[in-house]
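Here's the structure, in C-alpha cells; my notes come after.
Quick note: numbers below take in every heavy atom, side chains included, and nothing from hydrogens, waters or symmetry partners.
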Amino acid sequence: MTLGNPLAVKFIFVFLFMLMLVWWRSVKRVRLARVLAHKKWQSLLLRGYSYKKDFFKSALLSVGIVCLFLVLLQPRWGKKDEHEQQHGRDLFIALDISRSMLAQDVKPNRLEAAKDKIRTLLKKLSCERVGLIVFSGSAFVQCPLTQDYAAFYMFLDSLDVETISSGTTALDAVLMKTIQLFESMSQRQNKLLVVLTDGEDFSSDLATVKQRASELGLRIFTLGIGTPEGAPVPVLDQSGKQVGVQKDSKGSIVISRLNEGILHTLAVDTGARYYRMSQSDSDILHLIADVERYEKELLDVNRVDALEDRYYYFAAISLVCFLIEWVV
C-alpha cells in the first residue's frame, strides 16, 4: 500500500486533538452522571443516558475521525492497467560538423556554439520527441527520435569534426536522410527539421531534393551559425591542437563566411523560417514559437501498472459511523 497524499500527515495533530475532545467529553459526561446519581439509579434518574451508549457513540466518532484522516492520506493498493497517451511533435535536429564549423568568428567556435544552441532549445522544449542527425559531405542519424533528453545530450556531447571525415558540406545529404526518415513514418502530419550550419554547401542536386522535401511537407527551419565577415578555418593535428589555418591552392588563407542566402531560401521555400544565431536566446525563443504553432500528435500509448485509489472505502466507513452516531 502507498499513500497518494503523504503530505497530509502534517494534519495528524489536528485529528488527534479531535479524538481527545471526543473522549474528554465522554469522560466528563460519565463523571457528571456519577455526581448526579448513584450508578444503580442512573437509568431511572437520568433518562436517555447510558454509559454503554455514551461509550458506543464516542467509539463511532473516533472511528469516523480516523477514517477521515485516512481519506486525506489517499491510500492506494491493488494494481490496475492504465494507458497513458503521449502527445507532442517529432523534431529532427541536423548539425553541421564539417571543418568550416571550427571557425572562431563565434566563440569558442561555430560547432560548440551550435551545440550550446541545441542544449538551450531542448531545455525550453516540452513534450517533444527529438532526433539528432549529423552531416558534412554525408549524413547519418546520431540519435534516433527520443523523449530521453539525457541520452540525446550524451550523443550531442560526443560530437566533433572527426565524426565524419569529409571536410565539405552537402545540404542535400541531410535533407535526403530526413526525407527517408519521415517517409517511414507516413502517419505523421507535421514533419519538422531544424538545420544548424554556416551555410557552406557543395551539394550536387540541392534543388531536386528541396522540391521533394516540399512535396513531402517537410518544414526546414535553418539557424545560421557564424558571421558574414567570417573567419579562417583552423587546421588541427591528431591530438586536436591547432597547427595552422586552411589555405587554398595559391597559399591564401581560406575565409569561411556565413552564407545566409541559401539558408533563407531553403527555409522559405519549404514554408519555414531562417534565423541568424544571436548572443542571447532570442533566436531559440522565436524558433520554439514557430515550432509550437504546429499541432501536437499522438506519439505513443504506454501501458502502465498503477495502484488503485482506495480512499473511498474509508470515506464510506466514516460516513456510516457519523450517521449511526447521530441516530443513536
message: Just to verify, what does T222 make a side chain to side chain donor-acceptor pair (under 3.5 Å) with, not counting sequence neighbours?
response: none
query: Quick check: does any side chain N or O of R219 sit under 3.5 Å from a backbone N or O of L193, one acting as donor and the other as acceptor?
result: no
message: Would you say that more than 12 heavy atoms from the other residues, nucleotides or ligands in this model lie under 6.0 Å from the OH of Y311, or not?
response: no
message: Any donor-acceptor pair under 3.5 Å linking the side-chain atoms of W23 with those of S62?
response: yes
message: Please say yes or no: joined through hydrophobic side-chain contacts below 4.5 Å, possibly via intermediate residues, are V141 and V209 part of one cluster?
response: yes
- line: With sequence neighbours left out, the residues meeting salt bridge (charged side-chain N to carboxylate O under 4.0 Å, His left out) with D201 are none
field: Test item: T208 side-chain N/O and D205 main-chain N/O as donor-acceptor pair under 3.5 Å
entry: no
message: With a 6.0 Å cut-off on the ring centroids, do F314 and F69 count as close?
response: no
- prompt: CZ of F17: more than 12 outside heavy atoms within 6.0 angstrom?
  reply: no
message: Looking at every non-hydrogen atom in both residues, tell me the closest pair between F92 and M185 and how far apart they are.
response: CE1-CE, 4.1 Å
- request: Using a strict 4.0 Å threshold on nitrogen-to-oxygen distance, state whether E215 and R212 make a salt bridge.
  value: no
- prompt: Would you say the side-chain atoms of S282 pair up with the backbone N or O of S278, donor to acceptor, closer than 3.5 Å?
  reply: no
- request: Verify the cluster assignment for V291 and Y149: are they in a single hydrophobic cluster under the rule of side-chain heavy atoms below 4.5 Å apart?
  value: yes
- prompt: Excluding sequence neighbours, so at least two apart, what forms salt bridge (charged side-chain N to carboxylate O under 4.0 Å, His left out) with D148?
  reply: none
Donor-acceptor pair, side chain of D198 and main chain of S256, under 3.5 angstrom: no
- request: State plainly whether the residues D172 and K177 are in salt-bridge range, i.e. N to O under 4.0 Å.
  value: no
field: Distance-only donor-acceptor check, side chains E200 and S98, under 3.5 Å
entry: no
- prompt: Hey, does I93 have a side-chain heavy atom less than 4.5 Å from the side chain of L121?
  reply: yes
field: Shared hydrophobic cluster for V245 and L111 (ILVMFWY, side-chain gaps under 4.5 Å)
entry: no
query: So does K117 pair up with D283, basic N to acidic O under 4.0 Å?
result: yes
statement: Residues at least two apart in sequence or cross-chain that pass side chain to side chain donor-acceptor pair (under 3.5 Å) with R257, listed by chain then number, are none
Ion pair K191/D90, N-O distance below 4.0 Å: no
query: So, the side chain of R89 versus the backbone of R129: is there a donor-acceptor pair under 3.5 Å, distance only?
result: no
- request: Please step through side-chain hydrogen bond (donor to acceptor under 3.5 Å, both in side chains) for the pair S58 and R25, ending with a clear verdict.
  value: CA-CA 9 Å; S58 297; R25 187 195 67 166; 4.6 Å; no
message: Under the rule for salt bridge (charged side-chain N to carboxylate O under 4.0 Å, His left out), what residues qualify as partners of D96, not counting sequence neighbours?
response: none
Joint hydrophobic cluster, V268 plus Y275, side-chain heavy atoms closer than 4.5 Å: no
query: For the residue pair V134 and Q142, what are the closest heavy atoms and their distance?
result: CG1-CB, 4.1 Å
message: Give me the atom names and distance for the closest heavy-atom approach of I255 to G230.
response: CG2-C, 4.0 Å
query: V9, V66: one ILVMFWY side-chain cluster at the under-4.5 Å cut-off?
result: yes
- prompt: For K57, which residues count as a salt bridge (charged side-chain N to carboxylate O under 4.0 Å, His left out) partner, sequence neighbours excluded?
  reply: E325
task: Describe, in one word, how the ring planes of H264 and Y274 are oriented to each other, choosing from parallel (under 30°), tilted (30 to 60°) and perpendicular (over 60°).
output: perpendicular
- prompt: Is N109 reaching over with its side chain to a backbone N or O of E112, donor-acceptor style, under 3.5 angstrom?
  reply: yes
